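The structure that follows is given in the form of structure tokens.
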Amino acid sequence: MNQKLTTSYGLKFHPFRPDVPNEALFVVPSVDAFCRRVEFGLADGGFVMITGDPGTGKSVALRLITQRLRAQRDVVVSTIDHPQSRVSDFYRELGDVFGVPLGAHNRWGGFKALRARWSDHIAQTLVRPVLIVDEAQEMLDSVFNELRLLSSKEFDSRSLLCVIFAGDSRLPERFRKEQLLPLGSRIRRRLMLDYASRDELLACLDHLLEVAGNPALMTTELKTTLAEHAAGNYRVLMNLGDELLSAALERDPPQLDEKLFFEVFAPPQPKKPAAKKR
């Protein structure tokens, strides 16, 4: 972190960067309620889904649910980093994240080995392992269906995994396709994220500045201006704040205000044409 953030503005961390500490994340009630529902369902497993347009809070929701699940006793949380894989590579990644050695050309052996690992975990802990798939709208239909079959047991009466799909607005549309209806109909819990209201954006700013250590870093007028220019998008709000704080480090004002905002974001003035020489 830039040392000047601490010396000039008394900040413990940069409040507008994506890597803010988990404990500093702004949590809206709908996300908190969703996390509690997923925690409650760990004994049963199944599929859940987080969707929303870019900048509406999916990454924050995933960080929160991951932290809360890993804090639970005996819960194993694994993530898929390459959702675009074909089925064979998908099996290899599952074997890697769950510590199951799989043969390169033996999908049936991998199917049995993974299910045995998950079944043993459930027998010992009474909770399902968790698999998180971010950018799930990129997954192939064949991989979606393979995962559905892989995690289902006893004629679909038992789930061996808790699978969390996260993606943009294309993901629910994917599950309405005929090929994926069997999976879409099995999604038990859904979190549909929408654009934030002005009050939610203001609450986010207040929260971040408070936990970062300087609630008076911005004037009330500036926070209102940022919330109005962010168009309901948390990511846009953070980018605006980041740009302003970077400019403040160069100019060293005691407090960030609307004057700084208009200096940084004012549209360039068109140049007047040079007067013609006679």
Side-chain angles (χ1 to χ4, degrees), residues 22 34-50 61-167 171 174-175 179-180 182-191:
N22 282 346
F34 173 79
C35 291
R36 284 188 275 108
R37 293 198 304 272
V38 174
E39 291 177 89
F40 181 76
L42 281 178
D44 300 317
F47 299 98
V48 300
M49 180 173 69
I50 303 171
L62 283 176
R63 287 179 63 184
L64 288 168
I65 191 64
T66 301
Q67 179 190 37
R68 289 173 63 159
L69 292 178
R70 284 179 173 160
Q72 300 287 318
R73 181 179 178 182
D74 297 324
V75 175
V76 173
V77 181
S78 302
T79 60
I80 291 294
D81 295 322
H82 193 257
Q84 307 95 323
S85 296
R86 296 185 180 276
V87 172
S88 56
D89 287 331
F90 180 69
Y91 265 94
R92 293 188 185 98
E93 189 168 5
L94 283 179
D96 182 62
V97 299
F98 286 106
V100 179
L102 303 181
H105 303 290
N106 185 2
R107 189 186 301 176
W108 169 239
F111 185 91
K112 292 194 298 182
L114 286 166
R115 286 161 63 90
R117 172 62 58 88
W118 299 334
S119 295
D120 289 345
H121 180 81
I122 295 168
Q124 295 170 13
T125 66
L126 303 180
V127 295
R128 267 60 181 167
V130 179
L131 179 68
I132 297 176
V133 185
D134 194 13
E135 304 296 345
Q137 74 278 352
E138 304 291 344
M139 289 183 75
L140 300 175
D141 289 356
S142 56
V143 176
F144 272 126
N145 284 320
E146 191 71 22
L147 182 57
R148 172 177 60 84
L149 297 172
L150 184 62
S151 62
S152 168
K153 194 174 182 181
E154 296 177 8
F155 305 107
D156 206 30
S157 63
R158 291 185 61 210
S159 295
L160 300 177
L161 277 179
C162 174
V163 181
I164 301 174
F165 293 123
L171 185 58
R174 291 283 307 278
F175 289 141
Q179 301 94 317
L180 295 180
L183 177 55
S185 65
R186 288 169 169 79
I187 295 177
R188 297 180 177 179
R189 294 170 179 84
R190 300 170 186 255
L191 175 63

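Please read these numbers as outputs of a predicted model, since none were measured by experiment.
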(request) Pick out which of Glu154, Arg148, Arg188 makes a side-chain contact (heavy atoms from CB on, under 4.5 Å) with Ser159. (result)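 Only match with Ser159 under side-chain contact (heavy atoms from CB on, under 4.5 Å): Arg188.
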
(request) Identify the two heavy atoms, one from Ile122 and one from Pro129, that lie closest to each other, and give their separation to 0.1 Å. (result)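 Ile122 and Pro129 have their closest heavy atoms at CG1-CD, 4.2 Å.
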
(request) Among Glu135, Met139, Met49, find the one that has a side-chain contact (heavy atoms from CB on, under 4.5 Å) with Leu171. (result)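 The side-chain contact (heavy atoms from CB on, under 4.5 Å) with Leu171 is passed solely by Met49 among Glu135, Met139, Met49.
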
(request) Give a yes or no on this: more than 12 heavy atoms of other residues, nucleotides or ligands lie within 6.0 Å of atom CZ of Arg86. (result)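 It does not: Arg86 CZ has 12 such atoms or fewer within range.
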
(message) Is any side-chain heavy atom of Val100 closer than 4.5 Å to one of Trp118?
(response)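 No - every pair of side-chain heavy atoms lies 4.5 Å or more apart.
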
(message) Do Arg37 and Val48 make a side-chain contact, defined as non-hydrogen atoms from C-beta onward lying under 4.5 Å apart?
(response)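 Answer no - side chains too far apart.
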
(request) Can you see which heavy atom on Leu160 is nearest to which on Lys153, and at what distance? (result)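 So the minimum-distance heavy-atom pair works out to CD2-CD, 3.9 Å.
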
(message) Looking at Asp120 and Arg117, is any side-chain nitrogen of the basic one under 4.0 Å from a carboxylate oxygen of the acidic one?
(response)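 A salt bridge is absent here (no side-chain N lies under 4.0 Å from a carboxylate O).
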
(message) A side-chain contact here means heavy atoms from C-beta on lying under 4.5 Å apart; do Cys35 and Leu69 qualify?
(response)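 No, their side chains stay 4.5 Å or more apart.
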
(request) Give the ring-plane orientation class for Phe47 versus Phe165, where under 30° counts as parallel, over 60° as perpendicular and anything between as tilted. (result)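 It falls in the parallel class, under 30°.
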
(message) If you compare all heavy atoms of Arg128 against all heavy atoms of Asp44, which two are closest, and at what distance to 0.1 Å?
(response)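 Looks like NE-O, 3.7 Å.
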
(message) Strictly distance-based, threshold 3.5 Å: is any side-chain N or O of Glu93 a donor or acceptor partner for the main-chain N or O of Ile80?
(response)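 Judged by distance alone, no pair lies under 3.5 Å.
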
(message) Between Thr66 and Arg63 (side chain of the first, backbone of the second, donor and acceptor by atom type, cut-off under 3.5 Å), is there such a pair?
(response)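 Side chain of Thr66 to backbone of Arg63, a donor-acceptor pair under 3.5 Å: no, none is there.
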
(request) With the side chain counted from C-beta on, respond yes when Leu102 and Arg107 share a heavy-atom pair under 4.5 Å apart, and no when they do not. (result)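 No. Closest side-chain heavy atoms not under 4.5 Å.
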
(message) salt bridge (Lys or Arg N to Asp or Glu O under 4.0 Å), that's the test. Do Asp141 and Arg174 meet it? Break it down for me.
(response) CA-CA 9 Å; Asp141 289 356; Arg174 291 283 307 278; 2.6 Å; yes

(request) Check whether any side-chain heavy atom of Asn145 sits under 4.5 Å from a side-chain heavy atom of Leu180, and report yes or no. (result)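 Asn145 reaches Leu180 side chain to side chain.
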
(request) To the nearest 0.5 angstrom, please state how far the CD atom of Gln72 sits from the CD atom of Glu39. (result)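 Gln72 CD to Glu39 CD: 4.5 Å, rounded to 0.5 Å.
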
(message) Can you tell me how far apart CG (Leu126) and CG (Asp74) are? Round to the nearest 0.5 Å.
(response)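 Going from CG on Leu126 over to CG on Asp74, the span is 9.0 Å.
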
(request) Mind listing the closest non-hydrogen atom pair of Val143 and Ser85 along with its distance? (result)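 The answer is CG2-O, 3.2 Å.
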
(request) Measure the spacing between CG of Leu150 and NZ of Lys112 and express it to the nearest 0.5 Å. (result)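 Atom-to-atom, Leu150:CG and Lys112:NZ are 13.5 Å apart.
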
(message) Within the structure provided, determine whether Glu146 and Tyr91 are in side-chain contact (heavy-atom separation under 4.5 Å).
(response)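 Yes - at least one pair of side-chain heavy atoms lies under 4.5 Å apart.
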
(request) Please say which of Val75, Val130, Val77 ends up in a side-chain contact (heavy atoms from CB on, under 4.5 Å) with Arg70. (result)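 Result for side-chain contact (heavy atoms from CB on, under 4.5 Å) with Arg70: Val77.
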
(message) So Ile50 and Phe34, do their side chains get closer than 4.5 Å, heavy atoms only?
(response)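 Phe34 vs Ile50: side chains touch.
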
(request) For Val38 and Arg189, work out which heavy atoms get closest and say how close. (result)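 For Val38 versus Arg189, the nearest heavy atoms are N-CD, 4.2 Å.
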
(request) Locate the shortest heavy-atom distance separating Phe175 from Gly184; write the atom from each residue and the value. (result)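 Reported closest heavy-atom pair: CB-CA, 3.8 Å.
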
(message) How long is the straight-line distance from CG of Asp81 back to CD1 of Ile132, given to the nearest 0.5 Å?
(response)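 It is 11.0 Å, given to the nearest 0.5 Å.
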
(request) Evaluate the side-chain proximity of Thr79 to Leu62: yes if any heavy-atom separation is below 4.5 Å, no if none is. (result)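 No; the side chains remain at least 4.5 Å from each other.
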
(request) Please test Leu94 against Leu131 for side-chain contact (heavy atoms from CB on, under 4.5 Å), starting from the C-alpha separation and ending with a verdict. (result) CA-CA 9 Å; Leu94 283 179; Leu131 179 68; 3.8 Å; yes

(request) First locate atom CG of Leu161, then atom OG of Ser152, and finally report the distance between them rounded to the nearest 0.5 Å. (result)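 Here the interatomic distance stands at 11.0 Å.
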
